[in-house]
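Here the structure comes first, spelled out in structure tokens, and everything after it is commentary.
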Amino acid sequence: MTAAIASERYAEILASAGRQSGRQARLVGCIVAVCIAALWLTGFFDLGRFVEGAPAVAQLASEMVPPNFSRWQSWIKPLLDTLAMSIAGTALAVVFSLPLALMAAPNTTPNAVVYRVTRVFLAAFRSVPEIILGILFVAVVGFGALPGVLALALHSMGMVAKFYAESIEHVDPRPLEAASAAGASRLQVITHAVLPQVLPQLADITIYRWEYHFRASAVLGIVGAGGIGFELMAALRLIKYDEVSAILLAILACVLVVDSIGAMLRRKLK
């Protein structure tokens, strides 16, 4: 009798696992179908366009090689400005994202209304690209690095706070319950039971965002927000493609350095 029950139970487990695998396979199939449809709608499968564009690619490549580094000294300050923009934008984003994340996490928010309103604000921040914010801030505060910093910070508040909130949401609830039972205030619960659990994840998110900000800062310069992007746009307007390739290589070198520093910081903070 026991063997029969065990066999029946085993069959139920196998059937449940089969149904779960079937659901996952259907979900993956739907995702693949949507991706293929998106590629088709955007013209990716139109091979004629690639064939027609091949001569233009060859012409552009011939004008970009070899890179022209004759003005490399004039790119040092814009590169430093780009680095400063990425650091300042990340610092502002972190300062404002942490309290927003605490209001957007279900286990630390004061109430449901604050939770919903904060989530809407974070979605609004994320919905506007940095380059659009850069154009708006250039119109408000003028050209230079400041509009780039503000654009990076405002856009990243929506993204960084969301990632922070998701990390906070998945903390172990037992330390929070113990601190509350011991009579700790809400602030004490957050500082002694929540933040110690999530600090490594918050550090990882912050470093990754800084690495992203350096690349985004280079793009913001194109709309007048300072940095190396301004030099890149000037070279493009003058059709100096050999300088364009040189600037792109300089940006690539700086990105590799920034990524290496980020990797080192992650190792140190583990």
Side-chain angles (χ1 to χ4, degrees), residues 38 42 74-105 109 113-167 202 205-241 243-244 247-248 250-252 254-255 258-259 262:
T42 53
S74 64
W75 303 336
I76 295 176
K77 185 179 183 303
L79 283 170
L80 292 176
D81 288 343
T82 299
L83 178 62
M85 286 168 58
S86 68
I87 296 173
T90 304
L92 284 178
V94 169
V95 167
F96 290 106
S97 292
L98 186 56
L100 287 171
L102 293 171
M103 291 187 289
T109 190
V113 174
V114 172
Y115 170 80
R116 293 296 180 187
V117 171
T118 306
R119 286 282 179 168
V120 170
F121 273 111
L122 296 184
F125 293 151
R126 293 195 304 274
S127 65
V128 184
E130 298 102 332
I131 194 165
I132 302 300
L133 291 172
I135 294 172
L136 295 176
F137 281 120
V138 164
V140 173
V141 300
F143 293 98
L146 179 59
V149 171
L150 297 176
L152 290 174
L154 188 59
H155 176 78
S156 286
M157 280 167 55
M159 190 64 70
V160 173
K162 179 178 182 292
F163 290 151
Y164 282 5
E166 289 178 354
S167 297
L202 302 191
I205 294 167
T206 302
I207 294 169
Y208 280 122
R209 201 63 189 174
W210 171 54
E211 295 171 357
Y212 167 78
H213 277 170
F214 183 84
R215 294 183 285 272
S217 299
V219 176
L220 284 171
I222 293 176
V223 298
I228 193 62
F230 187 81
E231 296 289 334
L232 180 62
M233 192 62 191
L236 285 169
R237 286 174 176 170
L238 295 173
I239 320 179
K240 295 183 177 180
Y241 293 120
E243 281 194 11
V244 170
I247 293 172
L248 291 175
I251 293 173
L252 172 61
C254 292
V255 167
V258 168
D259 288 350

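- In this structure, CG on Leu102 lies 11.0 Å from OG on Ser97, to the nearest 0.5 angstrom.
- Heavy atoms of other residues, nucleotides or ligands lying less than 6.0 angstrom from CZ of Phe96 number 12 at most.
- The distance from atom CG of Asp259 to atom OH of Tyr208, rounded to the nearest 0.5 Å, is 9.5 Å.
- Considering only heavy atoms from C-beta on, Trp210 comes within 4.5 Å of Leu83 through its side chain.
- The pair Glu211-Arg215 fails the salt-bridge criterion, with no side-chain N (NZ, NE, NH1 or NH2) lying under 4.0 Å from an Asp/Glu carboxylate O.
- Taken from CG in Leu150 to CE in Met85, the straight-line distance is 10.0 Å, to the nearest 0.5 Å.
- The shortest side-chain heavy-atom distance between Leu100 and Met103 falls under the 4.5 Å cut-off.
- Side-chain atoms of Leu98 and Tyr164, non-hydrogen and from C-beta on, do get closer than 4.5 Å to each other.
- The two residues Ala151 and Gly134 have their closest heavy-atom pair at CB-N, 3.6 Å.
- With hydrogens and angles ignored, the 3.5 Å screen pairs no side-chain donor or acceptor of His213 with any backbone N or O of Ile87.
- The structure places CD1 of Ile205 at 10.0 Å from NZ of Lys162, a figure rounded to the nearest 0.5 Å.
- The minimum heavy-atom distance linking Ala161 with Ala101 is given by the pair O-CB, 3.5 Å.
- Counting heavy atoms from C-beta on, the side chains of Glu130 and Tyr212 come closer than 4.5 Å.
- Residues Arg119 and Ala165 approach most closely at NH2-CB, 4.1 Å, considering heavy atoms.
- Counting heavy atoms from C-beta outward, Ile251 and Thr82 have side chains that stay 4.5 Å or more apart.
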Verdict with reasoning, Val255 to Phe214, per side-chain contact (heavy atoms from CB on, under 4.5 Å): CA-CA 7 Å; Val255 167; Phe214 183 84; 3.7 Å; yes
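- In this structure, Ser127 OG and His155 NE2 are separated by 9.0 Å, a value rounded to the nearest 0.5 Å.
- Residues Thr90 and Leu152 are not in side-chain contact: their nearest non-hydrogen atoms beyond the backbone lie 4.5 Å or more apart.
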